[in-house]
Amino acid sequence: MRYVRLFGTQLRRSLALALQYRLDFVTSGLVSIVWSVISIVPLYVAFHGRPAVGGWSYESALVVFGWFTLLKGVLEGAVNPSLVQVVDHIRMGTLDFVLLKPADAQFLVSTARFEPWKIVDLGVAIAIFGYAFARLGHPPSAAAVALAFAMLCAAVAVLYSVWILVVAAAFWVVRVDNLVYLFDSVFDFARWPSSVFKGAFSILFTFVIPLALMTTFPAQALLGTLAPGTAIAAVVASLLAAIGARRVWLRALAHYTSASS
Amino acid sequence: MAQPPAIEVRSLSKVFRVHERAPGLRAAVASLFRRTYKEVTAVDDLSLSIAPGERVGFLGPNGAGKTTTLKVLAGLIHPTSGHVRVAGHVPQRRETAFLESIALVMGQKQQLLWDLPPVETFALNRAIYDVPQDVFAQRLAELDDLLGLRAVSGKPTRQLSLGERMKCELAAALLHGPRVLFLDEPTIGLDVAMQLAVREFLRAYADRTGATLILTSHYMDDVVALCPRVVVIDKGRLRYDGDLRTLSRTVRPDKRIAMRLRADGPAPDRAAIERLGEVVELEATRAVIQVPQEGVRDAIAQLFASHDVADLTVEDPPLEEVMRELFASTGDARAASPGDGPRA
C-alpha cells in the first residue's frame with residue numbers, strides 16, 4: 001500500500017517536471033506523434049503489396065509493429081528515463097541519497113522518472129492494431145486479447161530486467177553510456193517479426209536478447225497463432241529474468257563504493 | 001544506568017581497491033588491457049563511542065577518512081572489518097527503522113530535484129518516510145521558523161542561491177525527524193553570514209530535538225561553535241578524541257596576548273616585547289605575542305609596566321594553526337597519547 005502511494009507521488013512528480021517547461025512539453029508531444037507515424041514507413045515498404053515474408057503478411061507484420069510501438073513507449077516512457085538517471089547517480093555519488101531512504105532502492109530508482117508524452121505511443125499502437133485487424137476482417141477474440149496482455153506483461157518484465165542488468169554494470173564499470181546506446185539499437189530489431197531473421201541472428205534475438213518474446217509472441221497471441229507451450233515458456237522465462245535481475249542488482253549494491261565528496 | 005551509546009564503533013577498517021595508472025596517453029592505453037590496483041586503507045582500526053545528544057566534530061586533512069567513516073556510519077559503505085552500531089542498528093543492513101532514524105547532509109551533493117521547487121522534494125520525502133500529513137506540516141513550520149524557508153521553497157531549485165539551496169537541503173534531510181544527524185561539510189562554499197545561519201540552525205535544532213550530531217568541516221568556526229567534543233582522524237587512524245580545549249592546549253600550550261596601545265602614547269618597544277615571548281605581529285599601536293602558558297601572568301604585568309596599554313586580551317592560538325601543527329607532526333606521540341582524550 002505504501003509503495004502504491006509512493007508510486008503515485010513519483011508519477012505526479014514526473015508530470016510536474018514535464019509541465020515545468022511549457023515549450024519542451026509541447027515539442028516532446030509533437031515529436032512523439034511524428035516519430036510514431038514516420039516509423040511505419042520501412043514496414044510499409046518491406047511488406048505492403050508483397051507475398052508473405054517469413055510467413056508474415058503485411059497485416060500480421062503490422063500487429064508486430066503495433067507491439068513494437070507500444071513497447072517502445074513503455075521503454076522510453078517508463079523504463080529508460082529512470083534507469084539512465086541511475087547511471088548518473090552512480091557516477092556522481094548521488095545514489096547515496098537513494099540508498100539513505102527507507103524504501104527499496106530498486107523501486108525508488110525505477111520509478112524516479114516517467115515521460116508522460118510517451119502515452120502517445122500507446123494510442124498509436126492501438127490505432128495500428130485497429131487498422132491491421134480491420135484489413136484482416138475479423139477482430140481478435142477475447143481469449144486472444146487476454147493472452148496478448150499476459151505476453152505484454154512478460155515482455156515488459158524481460159525488457160525491464162535487461163535494463164537493470166545494463167544499469168547494474170555501471171556499479172562496476174561506472175560509465176555505461178555506450179551499452180545503453182547498444183541496447184537501444186538492438187531493440188530496434190524488435191519491429192520485425194522474429195522469423196524474418198535466420199541462423200545466428202534468430203538464435204541471438206530469441207535467446208540472448210529475447211526480442212521475439214517482446215513483440216512477436218504478443219502479436220502471435222493477438223492473432224491467435226501462439227502455441228500454448230511457447231506462451232508458458234515465455235512467462236517462465238520472464239519470471240526467471242526478473243529474479244535474476246533482482247539478484248544481480250542486490251549484488252551490485254553491495255559493490256557500491258560511493259563517489260568521494 | 002547509563003544510556004546505551006547512539007554510536008558505537010569498534011576496530012573499524014575500510015580498505016578500497018583503486019585502479020592506478022601513470023599519467024599520459026601511453027599509460028592510459030596500457031591500462032585498457034592491464035590494470036594495476038592498489039589497496040588504500042581509508043579507515044584504520046577506528047574505535048569510538050558517542051552518547052545520545054552529543055555533538056562531535058570530525059577533524060582531519062583531506063583524505064583522512066572522515067567522509068568514509070560517516071558513510072560507513074550511515075550504512076552507505078560496507079566496512080572491511082570491525083563492528084559498527086548506530087541507534088541500535090548495524091548500518092550496512094539498511095533496516096527501515098535505522099534509515100528512518102538518521103540523516104546525512106552533504107555540502108557537496110544535493111538531493112533537491114534540480115528543475116522543481118524544493119517543496120516537491122519535501123513532499124516526495126514525506127511519502128518515502130511515510131510521515132503523517134499533520135506531523136509533516138508541523139515539522140515544516142518548525143523548520144521554516146528556524147531557516148526562513150517559505151520565501152524560497154516555492155521557486156525552482158536551479159534559481160536558488162547556494163545558501164538558499166543549503167537551507168532547503170537541511171530541511172529535506174530533517175523532515176522525518178532523525179535522531180542521529182551526519183553532516184559532511186554542510187557550510188562549504190557559503191558566505192560568512194550564511195555559514196553563521198546554518199551553524200545557529202544546527203545548534204538550535206540539536207538543542208530542540210536532542211539529536212546526536214556528527215559534523216565534518218574545514219571551517220574550524222563550525223566545529224568550535226557546535227562541537228564540544230572533537231575526534232581527530234589522520235590517515236584513517238584516530239589521533240585524538242576528547243574535548244576541543246584540551247586538544248588545543250596539548251598541541252599548542254602557548255597563549256596569545258594581543259595588546260592595543262593608546263594612539264597618542266609612545267610606540268611599542270620592540271626589544272622589550274621580544275624578551276617576553278615570540279612576536280606574532282607588531283604595528284604602531286598593536287602587538288601580538290605568543291608566550292608559554294605559565295609565563296602569561298608575568299608577561300602581562302611587564303607589558304602594563306612598560307607600555308601605555310589601551311586594551312589587552314589573552315587567547316588560545318587559532319584552531320587552524322593547532323590543526324596545521326597537529327597534522328605536520330604525524331607519528332608524533334604527543335597528540336595521540338591515550339591520556340589526552342579520556343572518554344568514559
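When reading the values below, keep in mind they use all heavy atoms of this one structure, side chains included, and skip hydrogens, waters and symmetry mates. Just so we're on the same page: letters track the sequence lines, and every chain starts at 1.
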Against chain B, work out which of Ala16(A), Ala105(A), Ala103(A) has the most heavy-atom pairs shorter than 4.5 Å and name it. Ala16(A)

Which atom names give the shortest non-hydrogen contact between Pro102(A) and Thr96(B), and what distance separates them? CB-CG2, 3.7 Å

All heavy atoms of Thr9(A) vs all of Ala123(B), minimum pair found to be CG2-O, 4.4 Å

Of the backbone (N, CA, C, O) and the side chain (C-beta and beyond), which part of Leu108(A) lies under 4.5 Å from a heavy atom of chain B, both, or neither? side chain

Heavy-atom contact with chain B under 4.5 Å, split by part of Arg2(A): side chain

Most chain A-contacting option - heavy-atom pairs closer than 4.5 Å, from [options]:
options                                  : answer
Glu95(B), Arg126(B), Gln92(B), Arg94(B)  : Arg94(B)
Glu120(B), Arg158(B), His78(B)           : Arg158(B)
Thr68(B), Asn62(B), Ile102(B), Asp115(B) : Asp115(B)

Tell me whether [X] at atom [atom1] has more than 12 heavy atoms from other residues, nucleotides or ligands lying less than 6.0 Å away.
X         : atom1 : value
Phe149(A) : CZ    : no
Arg251(A) : CZ    : no
Arg139(B) : CZ    : yes
Ile119(A) : CD1   : no

Is chain A contacted by the side chain of [X], its backbone, both, or neither, given a heavy-atom distance below 4.5 Å?
X         : result
Asn125(B) : side chain
Gln110(B) : backbone
Ile188(B) : neither

Reported [atom1]-to-[atom2] distance for the pair [X] and [Y], which is rounded to 0.5 angstrom:
X         : Y         : atom1 : atom2 : answer
Asp104(A) : Ile128(B) : CG    : CD1   : 11.5 Å
Thr121(B) : Phe97(A)  : OG1   : CZ    : 10.5 Å
Leu124(B) : Arg13(A)  : CG    : CZ    : 5.0 Å
Gln111(B) : Thr94(A)  : CD    : OG1   : 10.5 Å
Leu100(A) : Phe182(B) : CG    : CZ    : 9.5 Å
Leu99(A)  : Ile77(B)  : CG    : CD1   : 10.5 Å

With a 4.5 Å heavy-atom cut-off, do Leu113(B) and Leu17(A) have their side chains touching? no

Does the side chain of Glu100(B) come within less than 4.5 Å of Lys101(A)'s, by heavy atoms? no

